[in-house]
Structure formats: C-alpha cells, structure tokens
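The block underneath contains the structure these notes are about, expressed in structure tokens.
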There are 2 protein chains.
Amino acid sequence: MELHEPDLTAVPVTSVLAALADDVRLQIVRTLAEGGESACGSFDFGVSKATRSHHLRVLREAGLTRTRAAGTSRLVRLRRDELDRLYPGLLDAVLGTRTSA
Amino acid sequence: MELHEPDLTAVPVTSVLAALADDVRLQIVRTLAEGGESACGSFDFGVSKATRSHHLRVLREAGLTRTRAAGTSRLVRLRRDELDRLYPGLLDAVLGTRTSA
DNA sequence: GGTGTTGTTCGATTATTGTCGAACAAGGGT
DNA sequence: ACCCTTGTTCGACAATAATCGAACAACACC
C-alpha cells in the first residue's frame with residue numbers, strides 16, 4: 001500500500017485550505033492537535049467508516065497528516081512542525097477557535 | 001441593494017477557509033492585501049464578469065471583504081483588522097506564499 | 001483454518017460549487 | 001433621451017466533493 005504523503009511544498013495552498021474547510025476534517029485536525037497520534041477509528045464524528053477513511057485520505061494527500069501502520073490499526077498524526085514552518089500561524093489561527101462559530 | 005456583510009464572529013471558520021480555498025479568490029485577496037481598496041473590474045483573472053461577481057460575493061459573505069458603491073463602480077477592501085483580530089496569523093500565513101505552490 | 005477487528009476501495013447517489021452567456025439595473029456622460 | 005460602462009442576477013451546465021453500503025484486504029488471536 002502506497003501512502004501518498006506529499007512534500008508539503010508541492011501542495012498548493014488552496015489544497016491545504018480546502019482540506020481544512022470541512023467540519024469533519026477540522027474536528028479530526030483539532031483532535032490530533034490536542035491528543036497527538038491517534039488511530040483512525042478514534043474519530044467518530046457521526047460519519048460512516050468509509051467517509052472517515054475518505055476524509056483521512058484528503059488530509060493525508062493535502063500534506064496535513066502522516067499515517068503509519070500498527071497491527072491492524074493505522075496511527076495518524078499531524079505534520080505540525082512542517083506546517084508551522086511553511087505556514088507559520090495558520091494552524092494556531094484555525095485551531096484557536098470554538099468548534100463551529 | 002443589500003450588501004450582506006456578516007459579523008465575522010458569526011461566520012464558521014470552515015466558511016472563511018472555504019472562501020480562501022480557491023485560486024481566483026486567493027488572487028483577489030492577495031491583490032487587496034497589497035493594493036488596498038480596488039474596483040471589482042480590476043480583478044481580471046481570466047474569468048467572466050459573472051464569475052468574478054460570484055467570487056466577490058463569496059468573499060463578502062464569508063466576512064473577508066467590504067464593498068461600497070462609488071458611481072457605477074464598486075470598491076472592495078479586505079477586512080484585515082477584524083480578520084487579524086479573530087484569526088491572528090491566518091492571512092499572513094496564507095498570503096506569504098507564492099501564487100500556487 | 002476460522003473469526004473478529006480495523007481500514008480501504010468500489011460504485012452509486014446526492015449536494016455543492018465554478019463557470020458561462022444573456023438579461024437586467026444603476027450611473028455617468030454627451 | 002441615448003448610450004456606454006460597471007456590476008448583479010438568472011438559469012443552465014459541468015466538475016467536484018461528501019456520503020453511504022457492500023465487498024475486499026491485512027492482521028491478530030484462538
């Protein structure tokens with residue numbers, strides 16, 4: 001299985017923003033920012049596992065997360081350092097906000 | 001004509017991000033950030049005026065811009081202060097990047 | 001080998017969004 | 001009054017994207 005984790009500098013800004021511009025994905029990112037590495041299954045935000053898998057793929061392909069296998073699970077983590085380096089202040093600005101206002 | 005310029009705190013973060021997650025709109029925002037108040041017609045990024053009008057509406061309704069009439073033109077400006085107050089670092093992070101990499 | 005758990009992939013469906021031309025509205029000249 | 005410029009609005013259409021269930025793959029464990 002190829003993980004397709006792009007070089008962040010090769011991802012258009014608009015793709016990064018689009019990846020963040022969705023409620024489910026933003027909640028995933030929020031969870032990762034607070035809780036660190038988490039299993040895919042731990043993100044239960046009222047969508048099916050197919051949909052969840054889809055959102056995790058969008059995040060990964062936008063360069064926001066990295067994924068590694070761990071037994072039958074997969075652990076996902078935020079690429080915080082890289083993101084902060086390339087877009088300083090972005091994550092802080094986006095995450096420092098209430099869930100949906 | 002009602003301008004529909006919402007209170008920024010009433011706009012979901014995802015809507016702000018979605019408004020920025022488009023090439024044409026990002027170019028408009030970039031232009032406004034550098035050039036200050038500009039007429040709608042000055043944004044010629046290869047789309048029809050109908051499309052341009054649409055994008056300016058999206059930006060306005062996401063709370064990113066304000067518009068005022070000036071004769072037959074309309075002048076648009078970034079709501080920079082408010083944006084920087086509510087999402088400190090967001091605009092800097094997003095705009096401090098090459099056009100599309 | 002069989003069973004259960006965890007994810008991914010494959011259509012299919014639906015909703016959203018970008019795009020355009022054409023029609024319309026509001027102003028400013030002359 | 002007439003015309004030109006500047007924008008907006010109205011369908012319509014095409015492209016994207018979100019969502020789901022079902023089928024599949026990989027692994028662990030008994």
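Proteins come first, then strands; the chains are lettered A, B, ... in the order of their sequence lines, and each starts at number 1. Only heavy atoms go into these numbers, but all of them, side chains included; no hydrogens, no water, no symmetry mates.
- A sub-4.0 Å separation between OP1 or OP2 of C/dT19 and a side-chain N or O of B/Thr51 is absent.
- The CG atom of A/Leu75 sits 13 Å away from the P atom of C/dT6 (whole-angstrom rounding).
- Closest approach of B/Ser38 to B/Phe43, counting heavy atoms only: CB-CZ, 3.7 Å.
- Spacing between atom CD1 of A/Ile28 and atom P of C/dG7 amounts to 12 Å, rounded to whole angstrom units.
- A donor-acceptor contact shorter than 3.5 Å links the side chain of B/Arg25 to the backbone of B/Ala18.
- B/Val58 comes within 4.0 angstrom of no nucleic acid atom, judged by non-hydrogen atoms across all strands.
- As a whole-Å value, the separation of B/Asp44 CG from C/dT19 P is 13 Å.
- Of all the heavy atoms in A/Ala62 and A/Ser15, the pair that sits closest is CB-O, 3.9 Å.
- Among the nucleotides D/dT8, C/dG7, D/dA22, the one closest to any side-chain atom of B/Ser53 is D/dT8.
- Remark on DNA chain D: of its neighbouring residues B/Lys49 and A/Arg52, the 5'-side contact belongs to B/Lys49, judged by nearest-heavy-atom nucleotide.
- Between A/His55 and D/dT19, a side-chain N or O to OP1/OP2 separation shorter than 4.0 Å is present.
- Between A/Val94 and A/Arg30 the shortest heavy-atom distance is O-NH1, 3.9 Å.
- B/Arg79 places no side-chain N or O within 3.5 Å of a backbone atom of B/Asp84 that could act as its donor or acceptor partner.
- Whole-Å rounding puts the A/Glu61 CD to D/dT16 C1' distance at 15 Å.
- Rounded to whole Å, atom P of D/dT16 lies 16 Å from atom CZ of A/Arg25.
- Following rounding to the nearest Å, A/Asp22 (CG) and D/dA17 (P) show an atom-to-atom distance of 11 Å.
- OP1 or OP2 of C/dG27 has not a single side-chain nitrogen or oxygen of B/Arg74 nearer than 4.0 Å.
- Of the side-chain N and O atoms in B/Ser73, one or more sit less than 4.0 angstrom from OP1 or OP2 of D/dG7.
- The phosphate of C/dA26 (OP1 or OP2) has no side-chain N or O of B/Thr72 nearer than 4.0 angstrom.
- Contact annotation for B/Ala69: no contact, since no heavy-atom pair falls under 4.0 Å across all strands.
- Spacing between atom CG of A/Leu56 and atom P of C/dT9 amounts to 12 Å, rounded to whole angstrom units.
- Here the side chain of A/His54 is nearest to one of D/dA18, C/dC20, C/dG7, namely D/dA18.
- Considering only side-chain N and O atoms, A/Arg57 lies nowhere under 4.0 angstrom from the phosphate OP1 or OP2 of C/dG7.
- Across C/dG18, D/dG7, C/dT8, the shortest atom-to-atom separation from the side chain of B/Ala39 is found for D/dG7.
- Remark: P of D/dA18 and CG of A/Leu59 are 10 Å apart, rounded to the nearest angstrom.
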